[in-house]
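Data first, discussion second: the structure below is written as structure tokens.
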Amino acid sequence: MLSRQAALAVLIAVAHARFNQEQVPIGAISAVNGGAPGAAATIAGAAISDLLAGANACDKLKRGDQILAELGTGADAVAAAIGMVAAEKNFNPFVQDIPTICSDPSLPANALLRGITPLIDPNVGGSAAANALSAQTKANPLNADGKSVADLLTENGFSNFTAQNSAGGATQPATGNAGNGNNNNGNTGNAGGNNNANTGNNNAGNGAAATQCNAAPGKYI
């Protein structure tokens, strides 16, 4: 029992440590010199919730847009917005083992924030390559025309996540989508074969029923 409690304590400590890591962009937002008095602090306070495990993965991209819309496009505001878009989003390892990534191709809307991919918790498989990509895209964004952040990650070899749209709906993990498509194709073929077989069976059955009906009138309704 003691070892189990110790293991749980370690996991909780790690989760807290990761959450502190994920809060890095908040200070940069609050320090922006732009916008209405107090606006930077207000946005920074609200942005904390965007990085929580239960937040929609698209919320932090919307927050990046808000930073530029309300605090201006000075160097500090742009850096803060980029930091928010690239920030690692927390997730509860007791509930899920992979993060959620925004699949809305319209987010972020501001061109200054397009093509930037996020940091991923280092405990997630494939995160090292994804984190290297995030660092690269902060300085040299990818071409994101018509593409979501989830699309960009998948195209660059990282698919160990669950795609989530801006309305809150989540699809299967990216690694499962291709498989589902293949299964659907197979099922379509099976359905066609089954339908043909069933049609034949139905025809045969109807013929038999008609024969029986002619042979024994009055016994069938």
Side-chain angles (χ1 to χ4, degrees), residues 15-92 99-121 130-156 158 161-171:
H16 285 169
R18 293 310 307 163
F19 183 70
N20 288 335
Q21 174 67 26
E22 291 144 13
Q23 297 307 295
V24 168
I26 304 304
I29 298 170
S30 64
V32 173
N33 294 311
T42 299
I43 295 174
I48 294 174
S49 64
D50 301 330
L51 301 176
L52 298 178
N56 186 295
C58 298
D59 288 349
K60 71 189 190 76
L61 306 184
K62 295 177 182 178
R63 192 71 66 186
D65 284 332
Q66 182 189 14
I67 292 169
L68 297 183
E70 296 188 17
L71 304 183
T73 54
D76 55 351
V78 173
I82 289 175
M84 187 64 187
V85 169
E88 177 186 325
K89 182 179 174 292
N90 190 31
F91 73 96
N92 187 347
T100 53
I101 301 294
C102 183
S103 62
D104 187 335
S106 69
L107 295 173
N110 194 298
L112 294 174
L113 304 178
R114 300 284 297 171
I116 298 169
T117 60
L119 292 168
I120 304 295
D121 188 300
N131 290 336
L133 179 67
S134 178
Q136 172 191 324
T137 59
K138 286 174 68 175
N140 299 291
L142 300 170
N143 181 350
D145 291 345
K147 300 175 183 178
S148 68
V149 173
D151 292 331
L152 296 177
L153 283 172
T154 302
E155 288 179 356
N156 285 273
F158 179 76
F161 62 82
T162 297
Q164 185 177 41
N165 61 41
S166 56
T171 66

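Treat the numbers as computed from the prediction; the structure is a model and nothing was measured.
Closest approach of Asn56 to Cys58, counting heavy atoms only: OD1-N, 2.7 Å. Contact detail for Ser49 and Ala46: the closest heavy-atom pair is OG-O, 2.8 Å. The minimum heavy-atom distance between Ala57 and Cys102, with the atom names listed, is CB-N, 3.6 Å. The heavy-atom pair separating Ala144 from Gly115 by the smallest distance is CB-N, 3.5 Å. The heavy-atom pair separating Pro105 from Gly146 by the smallest distance is CB-O, 3.8 Å. Contact between Met84 and Ile67 at its shortest, heavy atoms only, is CB-CD1, 4.2 Å.
Residue Lys147 qualifies as enclosed at atom NZ: its count of foreign heavy atoms under 6.0 Å is above 12.
For the pair Asp104 and Asn165, the minimum side-chain heavy-atom distance is 4.5 Å or more. Inter-residue side-chain proximity for Asp65 and Leu107 is flagged as met; some heavy-atom pair is nearer than 4.5 Å. With a 4.5 Å cut-off on side-chain heavy atoms, Val85 and Pro118 do not count as touching. Considering only heavy atoms from C-beta on, Leu113 stays 4.5 Å or farther from Leu61 through its side chain.
Under the side chain to side chain contact (heavy atoms under 4.5 Å, CB included) criterion, Ala53 pairs with Asn90, Asn92, sequence neighbours left out. Partners of Asp59 under the side chain to side chain donor-acceptor pair (under 3.5 Å) rule, at least two apart in sequence or in another chain, do not exist in this structure. Under the salt bridge (charged side-chain N to carboxylate O under 4.0 Å, His left out) criterion, Asp50 pairs with Arg63, sequence neighbours left out. Scanning for salt bridge (charged side-chain N to carboxylate O under 4.0 Å, His left out) contacts around Glu70 gives an empty result, with sequence neighbours left out. Under the side chain to side chain donor-acceptor pair (under 3.5 Å) criterion, Ser148 pairs with Asp151, sequence neighbours left out.
Panel note: side chain Asn156, backbone Phe158; no donor-acceptor pair is recorded below 3.5 Å. A donor-acceptor pair is defined here as one N or O able to donate and one able to accept, closer than 3.5 Å; such a pair exists between the side chain of Lys60 and the backbone of Ala87. Side-chain N or O atoms of Gln164 include none that pairs as donor or acceptor with a backbone N or O of Thr100 at under 3.5 Å. With hydrogens and angles disregarded, no donor-acceptor distance shorter than 3.5 Å links the side chain of Asn131 to the backbone of Leu119.
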Show the numbers, then the answer: is there a side chain to side chain contact (heavy atoms under 4.5 Å, CB included) between Lys62 and Ser166? CA-CA 9 Å; Lys62 295 177 182 178; Ser166 56; 4.1 Å; yes

Under the criterion side chain to side chain contact (heavy atoms under 4.5 Å, CB included), I'd like the reasoning laid out for Phe161 against Thr154: C-alpha separation, chi angles, the key distance, then a yes or no. CA-CA 9 Å; Phe161 62 82; Thr154 302; 3.4 Å; yes

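Rounded to the nearest 0.5 angstrom, Asn140 CG and Ile116 CD1 are separated by 10.5 Å. To the nearest 0.5 Å, atoms CG (Asp121) and CD (Glu88) are separated by 5.0 Å.
Within the structure, no pair that satisfies the salt bridge (Lys or Arg N to Asp or Glu O under 4.0 Å) test touches residues 105-118, not counting sequence neighbours.
For the pairing with Leu152, the side chain to side chain contact (heavy atoms under 4.5 Å, CB included) check across Leu142, Ile101, Leu133 returns one residue only, Leu142.
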